[in-house]
Amino acid sequence: MLIEIKALAQELPAVAGMQVNELCELSAALGFPVDGVSQEDGETIIEVDVTANRGDVLSHRGFARDLAARIGGKLAPLACPTLEEGAPLMPIHLRAGAACPIYSTAVLDLGEGPGTPEAARRFLASMGSNAKGFAPVDGSNELLFRYGHPTHAFDADRLKGCLIVRWAEEGETLVTLDGVERKLSPKDLLIADESGPVALAGVMGGDSTKVTPETKRVLLESAWFDARSVRATAHRHGLHSDASYRFGRGADPAMARTGRDLLARRLMDWGGAVLHGAWTAGEVPAAPAAIRLTEATLHRLTGSPISLGEAQPLLERLGFQVVRSADGLHAQPPTWRHDMEIEVDLAEEVLRMRGYDTIPMALPPLEGHPEPLSANYVQRKNLALRLAHLGFHQTVTLGFVSPELDAEFMSALGVDNPQGGRTLVNPLGVEYSVMRGSLLPSLRATAEYNLRQGAREVRLFEISPTYFSTPEGPQETLKLAIVWTGTLGGESYLSPARPVRSADLVGVARDLGLTVLPKVHELGEGVFGIEFPLGELGRPQERIIPAFQAFSRFPVMERDLSLLVAMDQSYAALREAMVQVLPQGTLQSLDCVDVFRHKNLPQGKQAWLMRFRFQHMERTLTGAEVDGWVASALKVAQGLGAELRG
Amino acid sequence: MDMSLLPPELCEAERGFPAALQACGDLDALMRLKGAFIGREGSHAARMMELLKAAPKEQKRELGAAINALKGQWEESIRIRQAELEDAKRKQGALAQAWDPELPPPAPAKGAMHPLNRLMDRMVEVFRPLGYHVEEGPEVETEAHNFDGLNIPADHPARGSADTFYLKEHAELLLRTHTSPVQVRVMQRLAPTLEEKGGIRFLAPGRVYRKDEIDPTHSPMFHQVEGLLVGKGIGMHHLKGTLNYAMKALFGPKAEVRFRPSYFPFTEPSCEVDVRCPLCGGDGCRVCKGSGWVELLGAGLVHPNVLRFSGIDPEVWSGFAFGIGVERTAMMVSQTPDLRLFFENDTRFLAAMGGLD
Ligand SMILES: [Zn+2]
């Protein structure tokens with residue numbers, strides 16, 4: 001909301017003596033931070049951020065009222081003599097109950113007056129609104145910014161018979177001021193005459209009854225419409241006007257008559273209009289019931305005693321009618337406050353007036369036992385740290401991807417994961433429309449981006465949820481995905497260059513403690529990725545230190561065996577067969593430690609250097625028994641087609 | 001010496017000795033040769049001693065002299081060769097050490113945790129000493145948890161499809177717009193045993209979604225850290241004390257906090273919390289737009305309706321909640337100019353901003 005300091009000072013003279021900074025601080029302390037300060041035509045304008053619950057502050061006078069309460073200042077009297085009301089010149093029927101309890105109006109003949117005065121034009125310019133030079137429009141706008149109450153003027157000669165405030169009927173339409181034909185719903189509150197709808201109540205007037213340069217006679221509208229209904233209609237028709245903004249946040253029903261008077265006065269003063277008559281249908285609704293506030297509540301909320309004697313005048317300054325009794329203060333909110341429902345609402349007002357800076361600081365006592373960090377959280381944090389230490393960069397990518405990319409990966413991963421259940425109704429764009437079934441498409445794109453940026457090697461990981469369609473909705477599974485691509489080494493005299501291979505990722509997966517190794521996916525040429533649910537990593541140890549396990553202090557006996565095997569020999573099968581004939585418990589490890597492929601080897605063969613390590617729990621092994629075991633393993637290998645390489 | 005006294009295999013060994021000695025290219029090989037010729041057991045020398053013992057008395061003297069001479073000769077030759085090999089090895093070692101240590105060594109690969117994750121982890125650490133643990137909830141949420149349970153009215157604009165992402169085949173499901181639904185989930189879970197537990201306190205870090213176009217200050221996905229404490233007699237002073245501690249722990253002992261009234265449907269009273277600008281210390285700079293303060297989080301006392309929705313009696317229990325914008329905090333402390341950098345995942349950015357702790 002824009003506030004011109006000069007206009008503000010007209011409502012609250014105390015502001016005139018304030019520094020702009022001081023005013024900004026004060027405003028922020030009341031809950032309305034100032035987003036910017038600017039100069040327009042020599043006037044200082046501040047942009048005040050008003051919270052959604054405070055429609056009553058959305059004007060110079062409304063803002064001044066809160067400031068006045070805080071500093072104990074006095075508002076200038078409303079400079080407007082009250083119009084004398086008489087018999088209705090046209091019947092007005094209120095048929096929407098609480099949605100419109102009061103409707104004030106006046107009929108005036110427009111005259112040949114001097115037009116919108118310079119001061120009002122400049123004020124409107126400060127508010128970012130151009131004067132039309134037309135009193136019914138400029139006057140209505142000016143008093144909206146100044147007093148916050150929306151008003152409207154009809155061309156009285158185009159209204160037929162009477163005015164009715166009612167809910168729309170199915171099938172009714174209205175062409176609004178902006179020239180758009182609106183199909184109305186029974187949930188739309190409207191103003192109608194005998195011929196049909198003439199305005200969307202509190203939102204926008206109709207085109208057929210609008211004031212034009214040819215208009216001779218106007219009928220003014222200054223009513224009060226229910227905030228909820230105005231918000232719904234504005235939303236339904238995508239029609240957000242200054243009027244709907246203020247009514248939608250709660251206007252002051254007591255301003256209905258005053259708003260009418262203020263607008264009529266402007267037409268008379270600026271345009272030389274002549275008043276025919278003023279009247280009001282309905283009444284200001286009864287004020288809401290008083291809310292009780294106790295000292296105990298104030299004490300609980302702040303940790304320090306605040307007496308009711310102190311609280312009472314603070315509430316009264318805000319316009320509350322306060323009665324003090326034995327059981328506390330009973331405060332009836334003023335007509336402009338629609339945000340007061342329960343005791344803490346009142347308490348908040350007391351604190352706001354005293355200033356939040358007066359609330360002391362204390363740490364709450366520890367109740368019950370603190371809980372440990374969840375195993376999931378600890379696992380995830382440790383995992384991220386581990387991968388970072390292994391040279392991987394953690395990424396954060398958007399949770400949604402394009403349907404094509406998602407489908408490509410779901411089919412490549414062989415997962416039946418229908419997209420329908422994971423698709424957004426209202427995505428930012430189709431490329432952001434599916435909650436991803438895999439993290440790999442995002443990581444591939446990130447890896448490729450980094451390669452394009454000239455990275456020599458890219459190691460990435462992400463720990464994020466993926467989504468799986470179920471009849472109940474997408475099921476979230478936290479997964480870890482790792483992608484590795486580019487060239488390893490080659491940047492120091494001790495580490496030769498080589499391309500990243502899928503085996504590198506297998507090594508990492510094994511290092512992380514995966515027992516069943518996930519498939520390595522080649523996501524692009526030389527781009528390798530793995531992905532698996534975090535659940536597969538197994539739980540971290542419950543015990544701080546695991547149970548003691550005895551270990552052997554006897555020497556390790558090592559033997560190497562070079563085998564010639566077929567190019568398509570399965571390593572796992574060969575190794576497993578050999579392990580079967582070796583003494584369990586004494587065999588510490590059996591691994592292929594080198595693969596040799598060369599044209600000098602027999603056609604279709606490769607050489608594997610198998611390394612055995614034996615260690616006995618209770619004695620030193622003899623060379624003869626170790627050689628015997630290796631020989632039996634060799635025999636098994638030979639049974640599978642391997643030969644001893646000479 | 002008279003070789004005729006020795007059996008032929010020893011003569012053979014004696015003849016082969018110089019060549020075998022010369023063939024020893026390293027100390028290991030020499031040690032094996034030494035064992036074979038002059039070792040205590042099973043060596044040629046040991047065999048000769050056995051022969052001497054068994055020889056007739058009249059030959060012993062002569063044979064003994066011959067054996068000793070031969071053994072002495074072997075020992076001497078091996079000693080000389082050993083000295084040679086040890087010298088060579090020393091020289092080779094010296095050569096290996098002659099690499100200029102300034103030559104680039106092989107560098108271990110260096111990764112990094114994402115700066116947003118680091119910051120969230122740090123926040124968890126900050127709140128740990130106060131007894132907060134970590135709670136989490138799903139990113140695909142129900143309207144009930146995301147809105148209803150938080151006292152957000154049915155016609156609140158935030159519920160509209162212009163602000164919130166909804167799922168096509170599940171009208172009641174949406175992408176959570178804040179981490180506050182975790183409050184609802186945890187309170188509902190703990191409500192039946194609250195008296196026994198004594199209260200609730202936790203942090204809920206996580207990803208949230210709002211329908212914002214991607215630009216330098218907006219992203220459709222971002223992070224929040226939610227905090228909730230429920231106990232008896234909890235007031236604004238507790239919220240102030242807690243956040244005052246936390247901000248000092250995060251930004252240093254000079255970090256002051258300032259509370260301003262605000263409005264959120266799920267808290268009453270509500271407040272915005274400003275922190276004394278960690279960059280300029282309050283003197284005013286570009287980051288704090290000259291004000292000396294930066295707005296970091298929204299907070300307040302849990303609205304009675306929120307407690308009630310989750311089955312907690314607001315006449316007995318009260319609490320506070322706060323929500324910290326992770327990106328906003330990260331951008332502020334690092335002066336990162338563009339939010340999109342956090343989601344672009346350029347490894348140069350991640351390496352510089354993320355780090356390993
Ligand atoms: Zn600053």
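Chain identifiers are assigned alphabetically (A, B, ...) following the order of the sequence lines, protein sequences preceding nucleic acid strands; residue numbering begins at 1 within each chain. Here the structure is a predicted model, which is why all the values come from computation and not from measurement.
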Please classify the contact of [X] with chain B as side chain, backbone, both or neither, using a heavy-atom distance under 4.5 Å.
| X | value |
| --- | --- |
| A:Glu457 | neither |
| A:Leu366 | both |
| A:Ile342 | side chain |
| A:Tyr449 | side chain |
| A:Glu349 | neither |
| A:Asn426 | both |
| A:Glu476 | side chain |
| A:Pro496 | neither |
| A:Ala29 | backbone |
| A:Ser304 | neither |
| A:Arg386 | neither |
| A:Leu390 | backbone |
| A:Thr302 | backbone |

Does the side chain of [X] reach to within under 4.5 Å of the side chain of [Y], using non-hydrogen atoms?
| X | Y | result |
| --- | --- | --- |
| B:Val134 | A:Val378 | no |
| B:Pro261 | A:Leu351 | no |
| A:Pro365 | B:His238 | yes |
| A:Tyr432 | B:Ile214 | yes |
| A:Lys381 | B:Val124 | no |
| B:Val140 | A:Arg422 | no |
| A:Ser464 | B:Arg207 | yes |

Please classify the contact between [X] and chain A as side chain, backbone, both or neither, with a heavy-atom cut-off of under 4.5 Å.
| X | result |
| --- | --- |
| B:Asn305 | neither |
| B:Phe202 | neither |
| B:Phe264 | neither |
| B:Pro106 | both |
| B:Lys110 | backbone |

Can you see which heavy atom on [X] is nearest to which on [Y], and at what distance?
| X | Y | value |
| --- | --- | --- |
| A:Ser492 | B:Pro104 | CB-O, 3.5 Å |
| B:His133 | A:Pro372 | CB-O, 3.6 Å |
| A:His393 | B:Ala351 | NE2-CB, 3.7 Å |
| B:Asp346 | A:Asn450 | CA-OD1, 3.4 Å |

May I ask you to name which of [options] has the most heavy-atom pairs under 4.5 Å with chain A?
| options | answer |
| --- | --- |
| B:Asn117, B:Leu173, B:Leu116, B:Leu301 | B:Asn117 |
| B:Arg258, B:Glu135, B:Lys240 | B:Lys240 |
| B:Leu229, B:Leu175, B:Leu130 | B:Leu175 |
| B:His237, B:Glu344, B:Glu172 | B:His237 |
| B:Phe259, B:Phe343, B:Phe165 | B:Phe165 |
| B:Pro108, B:Ser318, B:Gly231 | B:Ser318 |

Legend entry - Pairwise distance NE2(B:His156) to CZ(A:Arg231) - rounded to 0.5 angstrom: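 It comes to 8.5 Å.
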
Hey, does the side chain of [X] reach the backbone of [Y] with a donor-acceptor pair shorter than 3.5 angstrom?
| X | Y | answer |
| --- | --- | --- |
| A:Arg300 | B:Ile234 | yes |
| B:Lys232 | A:Glu367 | no |
| B:Glu169 | A:Gly421 | yes |

Inset, instruction - Verify side chain to side chain contact (heavy atoms under 4.5 Å, CB included) between A:Phe392 and B:Leu350, making sure each step is shown before the conclusion. - result: CA-CA 10 Å; A:Phe392 291 83; B:Leu350 296 177; over 6 Å; no

Inset, instruction - Starting from the C-alpha separation in whole Å, work towards a yes-or-no answer on side chain to side chain contact (heavy atoms under 4.5 Å, CB included) for A:Glu348 and B:Ser270. - result: CA-CA 8 Å; A:Glu348 184 186 43; B:Ser270 301; 4.3 Å; yes

